[in-house]
Structures are given as structure tokens and as C-alpha cells.
Protein chains: 2
Amino acid sequence: MSTVFKALSDPTRRKVLELLRKGPMSAGDLADHFSVSKATMSSHFAVLREAGLVVSEKDGKQVIYHLRLTVLEDALFEFTRLFGWSLAPAEEKPTEKETP
Amino acid sequence: MSTVFKALSDPTRRKVLELLRKGPMSAGDLADHFSVSKATMSSHFAVLREAGLVVSEKDGKQVIYHLRLTVLEDALFEFTRLFGWSLAPAEEKPTEKETP
DNA sequence: CTCACGTTTCGACGTTTATCTAAACATCAA
DNA sequence: TTGATGTTTAGATAAACGTCGAAACGTGAG
């Protein structure tokens, strides 16, 4: 849990997770969204990987990063529960328009 | 937001917040729950204070710490919204004795 | 095989963190 | 005022962090 919060404590890393929400992306493509060196980005990726928030997969020359939503969800769920809050997974049903 | 997550990234500080959930508590009483020096605890309190997660109030010799739930809630709410999750505020305890 | 490309690793540097002991500060009681 | 109690500050140290440029690694194209 500490490693997850630690990972979330950096804005760059939070933005990486946000970008990954839209789908898997290569290290280079991710890095293009930031103005730090590739070395620095690689280090951020490592933190996210060690926290279990992303997984990487090699595809030819590239390394593709995938978001691991469950890990993020589990950590936040466990924590928010301590405070009596309820964290609900993504509601995938905003199509309901029947509320008379 | 970064300061909040940073504060949450330490187990000692998370436990302090958890203890404070039950009600305000003095620095000394809080420190008694941990096996680090008072100076170290004071430093942890400062981190929580700077993140806005707690506020302190002087009462005679003691310093009483209060949990600032709204700050924690706001940060987590904002973040979880990015991931399409819904974080519901604490269920109001049914401590209502009289509802005539 | 050789080369360029995408990515990570290696040192290095300055900053921040967690921790301690010792000292200082603040307040109450005798 | 003196002393005891509760808390914070000061100063020190070792580890971790964010960052960089340069070098190394792995892979596909020619």
C-alpha cells in the first residue's frame, strides 16, 4: 500500500496512469507527453511497475505499458474502507435514462 | 494532491489518521501507539499538518490533533473521478437519537 | 553483419526524507 | 520560582529521490 501511495505522490506518474487509462502505450509515446529525459521517464516507469500499477510487455523494439487497474482499485478500496467510505468500481451503465 | 499522497505513503502517518478517526487526540497519546521517538512523531505530524490532513489546537500543556476529513476526501474524490470511480462520502452514522 | 532506433542502466549531483539524541520551549503545580 | 510534564526544534546521519548525460542493450531493417 505504501508503494502505491508513493507512486501516486508524483504528478508525472499520476499523469502516466491517466494516459494509460485510454489504452496501452509505448514507453516512447508516453515520454513524448512530458518534458523530462527518457532516463527520468524510465525511472518513473520502474516505480509504477514496482508498485504493481502497470505491467510492461515487449513488442519488437518497443515496450508497451498496460495499466493494472485492479491494483490501484484494491489499494484505494482498502484505504477508503478504513474511513467508512465506499469506493465503487467504474459504473459502466450511464445509458440508463429511466428515472421517472 | 501530491502532498496528500505523499503524506499517505507512510504507514505511521496512515495509522495516525486512522486513530484520529475515533476523535481528537493529543500528540503524546498518539505517539504512545508507535515505537519511534517523540521527535520523529512530531515530524510526522508536521507532514500531516502541511498536507492539510490534520489541524492542531493547543490545550494547556497538550497539543490536540484533529482529523480534517474533507481534505482527504477531496483529494481522493478528485483522483478516483479520473478513473471513473465513484467515491461516496462516509455514511452518516445513525447516531440520531430523536427523529420525532 | 552493420546500423539506427527505442529503451534501460550507470554514475553523478543536489534535495528530501526518516530517524535519532540533546536541547529548548511552554505550561501547570507546588 | 522551581520543577515536572508535554511538545517541538536543532543538528546530525544514512538512505532514498528526481534528475541528467552518456553508455549499453536488444531488435528489426537493409
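Chain A is the first sequence line, chain B the second, and so forth, proteins listed ahead of strands; every chain is numbered from 1. Please read these numbers as outputs of a predicted model, since none were measured by experiment. Just so you know, these numbers use all the heavy atoms, side chains as well, and skip hydrogens, waters and symmetry mates.
At whole-Å resolution of the value, NZ in B:K58 and C1' in C:dC28 are 12 Å apart. As a whole-Å value, the separation of A:F45 CZ from D:dG18 C1' is 15 Å. Here D:dG18 presents its P atom at 18 Å from NZ of A:K15, a figure rounded to the nearest Å.
An OP1 or OP2 oxygen of D:dT8 is reached within less than 4.0 angstrom by a side-chain nitrogen or oxygen of B:Y65. At least one side-chain nitrogen or oxygen of A:S26 sits closer than 4.0 Å to the OP1 or OP2 atom of C:dT7. An OP1 or OP2 oxygen of C:dT19 is reached within less than 4.0 angstrom by a side-chain nitrogen or oxygen of B:H44. The shortest distance between the side-chain N/O atoms of B:K61 and the OP1/OP2 oxygens of D:dT7 is not below 4.0 Å.
A heavy-atom distance below 4.0 Å to DNA chain C is reached by these residues of residues 27-42 of chain B, ordered by number: B:V36, B:S37, B:A39, B:T40. A heavy-atom distance below 4.0 Å to DNA chain C is reached by these residues of residues 3-14 of chain B, ordered by number: B:K6, B:D10, B:R13.
For A:S86 and A:R81, the side-chain atoms include no donor-acceptor pair closer than 3.5 Å. No side-chain N or O of B:S43 forms a donor-acceptor pair with one of B:T40 less than 3.5 Å apart.
Atom CZ of B:R68 has 12 or fewer neighbouring heavy atoms from other residues, nucleotides or ligands inside a 6.0 Å radius.
The aromatic rings of A:Y65 and A:F45 sit tilted, their planes meeting at an angle between 30° and 60°.
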